[in-house]
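All remarks here apply to the structure that follows.
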Amino acid sequence: MNKAPLPSGFDLALNLSRRPRRNRKSDWVRRLVRENVLTVDDLIWPLFVVEGENLRTPVASMPGVERLSVDQTVVAAKKAAELGIPAIALFPFTDPALKDPNGSEALNENNLVCRSVRAIKKEVPQIGVVTDAALDPYTSHGHDGLMDGETILNDETVAVLVQQALNQARAGADVIAPSDMMDGRVGAIREALDAEGFTDVQIMAYAAKYASAFYGPFRDAIGTKAALTGDKRTYQMDPANTDEALREVEMDLDEGADMVMVKPGMPYLDIIRRVKDTFGVPTFAYQVSGEYAMITAAAQNGWLDGDKAMLESLLAFKRAGASGVLTYFAPRVAEMLRKG
């Protein structure tokens, strides 16, 4: 290759003992010195479940994501297993007619989530199933807890969450993931699970869940956006805080959480890093709906390379210390990783 002529007056005799570019000069050496690697083992695939049969309905604000009837959720679980994805997470789109202020449908042993868990465990027993313990998919007001006027009731909500968690465990859930951010719910759920013999059912606590603007498309997907009255700032965390996240994580671990989660993901990489450095426990990130929607929309408009941005964003979670990531990109990433 011909070298371009250098402008006159430039001295090439740099006396450098270290040249970091030597470790970047070719693909083989970049792979050898790479500090973090994304694999299919890092992925949890969130799925939205809806009533019906053989039904797949697109979520408009999340291009490429669909609500699935129970039978199609089983199909997705089989696909996840074939791709080597370790676990899926289930979120219901509840018929508005079944919603009430107390979230009673959460305790129905034949609700969407419980039927989906049983169907998946019958057909794909080897895959991990994570269920969400929170009342917002079931309440007519769209909040994660019971209300007295405009006040979210903590202890009364925890009592219902305990029964919801037991309902999910009886259906066959492997991991209960409380996402409500009520105080004391992890300990109460752990005690109830153990008392009923579910000592092997794990708890993945949404320990640092922020009151974020990035949840909008998710609320579309589960049908709570229009119903939500007010906001969730009295129980979800202030985005300005970091030390508070460590206190929340410590409490959940003390109460029996096996794994913890930071949500959202990309805007809170610093929280993931602090949690992992401080506690050294399995720490997960949720690449939430808004993060997915931004990358997907920008790619569809030709503003960035969607595949590269997707992979880079997920690698960022690993670099920050995450043990794994809940991401709507999971099947697409798994396919790419399988192809090499």
Side-chain angles (χ1 to χ4, degrees), residues 34 36-49 56-68 72-73 75-91 93 124 127-130 132 175 177 179 204 206 209 212-222 259 261-269 272 283-340:
R34 189 164 290 154
N36 295 283
V37 178
L38 178 70
T39 77
V40 70
D41 296 336
D42 300 316
L43 305 174
I44 298 175
W45 184 10
L47 297 172
F48 298 113
V49 192
R56 307 179 74 97
T57 59
V59 178
S61 54
M62 299 177 69
V65 173
E66 299 170 309
R67 301 185 192 96
L68 308 174
Q72 292 302 306
T73 303
V75 172
K78 290 179 178 178
K79 178 179 180 180
E82 291 168 0
L83 290 170
I85 296 172
I88 57 176
L90 302 177
F91 300 92
F93 178 93
V124 201
I127 198 151
V129 178
V130 182
D132 176 53
V175 181
S179 67
M204 177 188 286
Y206 286 65
K209 181 178 180 180
S212 172
F214 288 91
Y215 301 148
F218 176 90
R219 291 173 184 164
D220 286 339
I222 65 169
M259 300 169 276
M261 188 196 302
V262 174
K263 181 181 180 182
M266 187 70 75
Y268 297 87
L269 293 177
I272 298 168
T283 303
F284 290 80
Y286 198 141
Q287 186 179 47
V288 299
S289 59
E291 298 173 68
Y292 171 89
M294 288 191 301
I295 292 173
T296 303
Q300 288 182 339
N301 279 283
W303 297 335
L304 50 72
D305 184 313
D307 286 346
K308 289 181 179 179
M310 171 185 69
L311 292 172
E312 184 177 338
S313 69
L314 293 172
L315 188 59
F317 294 121
K318 295 293 294 180
R319 193 181 67 245
S323 308
V325 187
L326 285 82
T327 176
Y328 304 98
F329 288 122
R332 182 169 151 197
V333 173
E335 290 275 14
M336 291 177 65
L337 292 174
R338 183 165 67 173
K339 294 176 182 176

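Just so you know, these numbers come straight off a predicted model, no measurement behind them. All values below were derived from every heavy atom in this structure, side-chain atoms included, with hydrogens, water molecules and symmetry-related copies excluded.
Contacts classified as side-chain hydrogen bond (donor to acceptor under 3.5 Å, both in side chains) and involving residues 290-301 (residues at least two apart or in different chains) are not found. Residue pairs that meet the ring pair (Phe, Tyr, Trp, His ring centres under 6.0 Å) test with at least one member in residues 296-322, sequence neighbours left out, do not exist here. Residue pairs meeting the salt bridge (Lys or Arg N to Asp or Glu O under 4.0 Å) criterion with at least one member in residues 317-328, sequence neighbours excluded, are Asp42-Lys318. Sorted by first then second residue, the salt bridge (Lys or Arg N to Asp or Glu O under 4.0 Å) pairs that include residues 327-340, not counting sequence neighbours, are Asp307-Arg332, Glu335-Arg338.
Checked against salt bridge (Lys or Arg N to Asp or Glu O under 4.0 Å), Glu66 has the following partners two or more places apart in sequence or in another chain: Arg56. For Ser212, there are no side-chain hydrogen bond (donor to acceptor under 3.5 Å, both in side chains) partners at least two apart in sequence or on another chain. Here Asp132 pairs with nothing under the salt bridge (Lys or Arg N to Asp or Glu O under 4.0 Å) rule; sequence neighbours left out. Residues meeting the salt bridge (Lys or Arg N to Asp or Glu O under 4.0 Å) test with Lys78, sequence neighbours left out: Glu123. Scored by the side-chain hydrogen bond (donor to acceptor under 3.5 Å, both in side chains) test, Tyr328 finds Tyr286 as partners (sequence neighbours excluded). Among residues two or more places apart in sequence or in another chain, the side chain to side chain contact (heavy atoms under 4.5 Å, CB included) test is passed with Ala299 by Leu304. Ala330 pairs by the side chain to side chain contact (heavy atoms under 4.5 Å, CB included) definition with Leu43, Trp45, Ile85, Thr327, not counting sequence neighbours.
In terms of heavy-atom proximity, Asp41 sits nearest to Gly84 at OD1-O, 4.4 Å. Taking every heavy atom of both residues into account, Ala81 and Val124 meet most closely at CB-CG1, 3.7 Å. Taking both residues in full, the closest heavy atoms of Leu68 and Ala76 are given as CD1-CB, 3.8 Å, listed atom of the first, atom of the second, then distance. When all heavy atoms are compared, the tightest approach of Ile127 to Ile88 is CD1-CG2, 4.1 Å. Gln287 approaches Ser313 most closely through the heavy-atom pair NE2-OG, 3.0 Å. Between Pro63 and Ala60, the closest heavy-atom pair is CD-O, 4.1 Å.
Side-chain contact between Ile44 and Met204: present, with at least one pair of heavy atoms (C-beta onward) separated by less than 4.5 Å.
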Contacts under 3.5 angstrom, residues 215-222 side chains, donor-acceptor by atom type, not counting sequence neighbours:
residue	atom	partner	partner atom	Å
Tyr215	OH	Tyr210	O	2.6
Tyr215	OH	Lys263	O	3.3
Asp220	OD2	Ser61	OG	3.1

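Within the model, atoms CZ of Phe329 and CE of Met310 stand 6.5 Å from one another, a figure rounded to the nearest 0.5 Å. Rounded to the nearest 0.5 Å, atoms NZ (Lys79) and CD (Gln72) are 11.5 Å apart. Note that CG of Leu314 is 13.0 Å distant from CG of Asn36, once rounded to the nearest 0.5 Å.
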| task | List the steps, then state whether side chain to side chain contact (heavy atoms under 4.5 Å, CB included) holds for Met62 with Phe48. | result | CA-CA 12 Å; Met62 299 177 69; Phe48 298 113; 4.2 Å; yes
| request: Test Arg34 against Leu315 for side chain to side chain contact (heavy atoms under 4.5 Å, CB included), laying out the working first. | output: CA-CA 11 Å; Arg34 189 164 290 154; Leu315 188 59; 5.8 Å; no
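Proximity of a side-chain donor or acceptor of Thr283 to a complementary backbone N or O of Ser323 within less than 3.5 Å is not detected.
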